[in-house]
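To start, the structure under review is shown below, and the notes come after it.
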Amino acid sequence: MMTHEDLLRYVDGRPVTLSSDPGKRVYGERLLNIGGKEYREWSPHRSKLSAYLCLGGKCFPFTGSGNILYLGAASGTTASHLSDIAVSGRICCVEISQRSFRDLVDVCASRKNMMPILGDAAVPDGYAFAADDIDVVYQDVAQKGQADMLADNMDRFSARYGMVSIKARSEDVTAPPERIFEKARERLIERGMKILDMRSLEPFEKAHAMIVVEALR
Ligand SMILES: C[S@@+](CC[C@H](N)C(=O)[O-])C[C@H]1O[C@@H](n2cnc3c(N)ncnc32)[C@H](O)[C@@H]1O
């Protein structure tokens with residue numbers, strides 16, 4: 001069994017993941033040979049989860065065997081790196097846009113632990129058939145009400161950990177981002193979550209913050 005350190009490493013302060021689909025790029029990322037193994041550079045400019053790690057984020061609930069519910073998978077950029085890490089787990093990738101979903105299906109085709117689901121993250125019952133035994137819910141849908149959407153999905157699937165990238169402008173274009181992030185934090189506490197970390201994703205993502213929670217149930 002690979003250790004976590006083998007699956008996710010840092011090169012010059014930037015994360016890289018051990019490719020589970022050697023020779024293939026998902027979004028034009030650099031491929032690196034480290035000790036005879038192929039790693040994929042995880043760009044903080046293309047992935048908020050990589051930005052979180054590059055900015056010193058340490059709360060990383062993803063393991064080699066955990067199951068992940070990924071809401072807002074788009075064309076699979078970040079999800080493909082989680083697929084490299086959760087080698088014996090499963091990543092249920094929910095995406096609402098048919099256009100992005102077509103690209104997502106291509107990425108999932110050569111990664112046996114990634115499952116594409118065309119669905120709406122606001123309606124968890126719509127994909128409950130595919131998402132059982134979930135350990136972590138990761139959410140990046142860039143729409144209003146992200147804190148409640150995360151909590152609803154964590155409750156629905158009894159997930160212990162949650163991670164959400166809050167986009168301030170999607171919640172309210174007029175309010176200062178810090179106030180929006182604080183409201184999201186308070187809402188998650190009201191919903192029975194313990195806040196493990198909250199940090200701005202600037203300068204990689206303007207007016208975005210990552211919040212990591214653990215369910216207190
Ligand atoms: C910022 S992009 C996600 C980027 C992706 N997480 C990554 O890092 O590779 C947001 C995605 O969420 C999707 N989305 C928006 N609302 C959604 C919903 N209610 N359910 C599922 N996906 C949704 C959008 O279609 C878009 O592809």
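For ligands, and for the atoms within them, numbers begin at 1 and follow the listed sequence.
- Atoms of ligand 1 found under 4.0 Å from any heavy atom of Ser97, numbered from 1 in the order shown, are 25 (O).
- Contact annotation: Tyr70 has at least one heavy atom less than 4.0 Å from an atom of ligand 1.
- Among protein heavy atoms, atom 15 (C) of ligand 1 sits closest to Val141 O, 3.3 Å.
- Atom 26 (C) of ligand 1 has its closest protein heavy atom at Glu95 OE1, 3.7 Å.
- Ionic pairing of Arg90 and Asp132 is present here: one or more N-O contacts between side-chain nitrogen and carboxylate oxygen are shorter than 4.0 angstrom.
- Checking only distances, Gly72 does come within under 3.5 Å of ligand 1, N or O to N or O.
- Closest protein heavy atom to atom 10 (C) of ligand 1: Asp140 O, 3.2 Å.
- Taking the six-membered ring for Trp and thresholds of 30 and 60 degrees, Phe157 and Tyr127 have nearly parallel ring planes, at less than 30 degrees apart.
- Using cut-offs of 30° and 60° for the angle between ring planes, the Trp42 and His81 rings count as parallel.
- Looking at Leu82 and Met114, their side chains never come closer than 4.5 Å, going by heavy atoms from C-beta outward.
- With contacts defined as side-chain heavy-atom distances shorter than 4.5 Å, the pair Tyr52/Val212 qualifies.
- Atom numbering of ligand 1 starts at 1 in the shown order; those under 4.0 Å from a heavy atom of Ala74 are 3 (C), 4 (C), 5 (C), 27 (O).
- Not close to ligand 1: Leu71, with no non-hydrogen atom less than 4.0 angstrom away.
- Using a 4.0 Å cut-off to heavy atoms of Thr78, the atoms of ligand 1 that qualify are 7 (C), 8 (O), 9 (O).
- Of the protein's heavy atoms, Ile96 CG2, 3.4 Å lies nearest to atom 23 (C) of ligand 1.
- Applying the 4.0 Å criterion to heavy atoms of Asp120 picks out, from ligand 1, the atoms 18 (C), 19 (N), 20 (N).
- In this structure a side-chain-to-backbone donor-acceptor pair under 3.5 Å is present from Glu95 to Ser97.
- Protein heavy atom closest to atom 1 (C) of ligand 1, with residue, atom name and distance, is Lys48 NZ, 3.2 Å.
- Contact check on Asp135 versus Arg160 returns no salt bridge, with no Lys/Arg side-chain nitrogen under 4.0 Å from an Asp/Glu carboxylate oxygen.
- Salt bridge Arg191/Asp148: present, at least one basic N to carboxylate O contact under 4.0 Å.
- Protein heavy atom in closest approach to atom 20 (N) of ligand 1: Ala121 N, 2.8 Å.
- Within the 3.5 Å criterion, the main-chain N or O of Gln146 finds a donor-acceptor partner in the side chain of Glu171.
- Contact analysis puts Gly119 in contact with ligand 1, with a non-hydrogen atom separation below 4.0 angstrom.
- The protein atom (non-hydrogen) at minimum distance from atom 16 (N) of ligand 1 is Gln143 NE2, 3.0 Å.
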